[in-house]
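A quick write-up on the structure given underneath.
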Amino acid sequence: MLMQKCKDCTTKCGAASSLSPEQMEVMENNSVEVHFRKGDNIFRQGALSLNIAFLKSGIAKIHMHGPAREKILRIVRAPSYLGLPTSLGDKINQFSASALADTSVCFIDISLFRMLIYNNGKFAYEIIVELCQNELNDYQRYTSQSQKQMTGMIAETLLCMSEKIFKDSKFIFPLTQSELGDMVGTSRESVSRVLSEFSSDKIIEISGKEINIINRDLLKQISEKG
DNA sequence: GCATTAACCACAG
DNA sequence: CTGTGGTTAATGC
């Protein structure tokens with residue numbers, strides 16, 4: 001498999017930079033880079049997990065089949081690991097990851113990854129920090145979701161996309177309205193109504209999939225007041 | 001009661 | 001896939 005060498009890779013995560021040259025070489029010999037198209041499944045809930053997936057470029061969604069419908073757990077921007085909890089916490093994937101745009105993903109052999117954690121404290125520490133940050137974000141979002149009403153949730157999600165994922169007021173929204181509904185726990189009709197309401201109130205501008213946040217302060221208020 | 005919120009259904013671009 | 005209208009149920013003055 002033709003691939004770029006890990007040590008020359010410019011999209012290393014924080015943790016990988018604490019690997020020794022020898023460890024880096026082992027990593028190179030035990031990982032492959034795979035490209036995905038928009039919409040492709042990267043790994044699937046219910047399937048056996050033998051690799052750690054690292055999102056090298058692009059953007060992906062983490063999602064789970066719930067008892068009633070699909071639930072989008074998180075949107076992930078490269079560079080980031082995609083499924084550490086499901087890869088290390090269980091042999092079977094507890095959730096799926098799918099590409100929201102063209103992406104490239106490095107799959108790292110799980111036993112090698114485990115070895116790196118055992119043998120390199122700094123590497124392990126960086127991984128733990130990433131897991132902790134994700135957990136804090138998740139707690140934050142689940143608390144919001146159980147207490148905010150849907151306009152607040154949608155405002156929060158738009159702000160999060162703008163600030164954390166795209167780092168711009170103007171961005172191409174990567175989900176369909178139905179998927180946004182799956183993300184905040186509401187129906188696609190409600191999403192459609194809230195978005196057109198925000199648009200007619202001049203809080204955002206929508207043209208196709210492009211969203212431009214015009215009145216960020218008001219959007220923040222809506223997000224905070226629920 | 002009356003208002004608000006949001007889900008579900010249907011139908012049309 | 002999206003936008004909208006009608007209907008219905010739950011909840012809160």
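Everything numeric in this text was worked out from a predicted model, so none of it was measured. These numbers come from the heavy atoms of this one structure, side chains and all, not from hydrogens, waters or symmetry mates. Here is how names work: the chains are called A, B, and so on, in the same order as the sequence lines, proteins then strands, and each is numbered from 1.
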Item to check | Check: A:Leu112 and A:Ile52 side chains under 4.5 Å, non-hydrogen atoms | outcome: no
Checklist entry - Among residues 183-195 of chain A, which contact DNA chain C at a heavy-atom distance under 4.0 Å? => result A:Arg188, A:Glu189, A:Ser192, A:Arg193
Next on the checklist: If I take atom CE in residue A:Met153 and atom C1' in nucleotide B:dT5, what distance separates them, rounded to the nearest angstrom?
Outcome noted: 16 Å
Item to check | Any side-chain heavy-atom pair of A:Phe113 and A:Asn30 under 4.5 Å | outcome: no
Next on the checklist: Can you tell me if A:Lys209 touches the phosphate of C:dC1, counting only side-chain N or O atoms and a distance under 4.0 Å to OP1 or OP2?
Outcome noted: no
Checklist entry - Is any side-chain heavy atom of A:Phe107 closer than 4.5 Å to a side-chain heavy atom of A:Leu50? => result no
Next on the checklist: Over all strands shown, is A:Thr151 touching base, sugar-phosphate only, or nothing at heavy-atom distances under 4.0 angstrom?
Outcome noted: nothing
Checklist entry - Do the side-chain N and O atoms of A:His35 and A:Thr103 include a donor-acceptor pair separated by under 3.5 angstrom? => result no
Checklist entry - What's the CD-P distance between A:Glu197 and B:dT4, to the nearest Å? => result 13 Å
Checklist outcome for this item: Between CE of A:Met150 and P of B:dT4 the distance, given in whole Å, is 14 Å
Checklist outcome for this item: note: A:Lys148, atom NZ; B:dA6, atom C1'; distance rounded to Å ~ 18 Å
Item to check | Atom pair distance, as rounded to whole Å: CD1 in A:Ile206 and P in C:dT2 | outcome: 11 Å
Checklist entry - For A:Ser104 and A:Ser57, does a side-chain donor sit closer than 3.5 Å to a side-chain acceptor? => result yes
Checklist outcome for this item: Tightest non-hydrogen contact, residues A:Ile72 and A:Leu175, listed as CD1-CD2, 4.2 Å
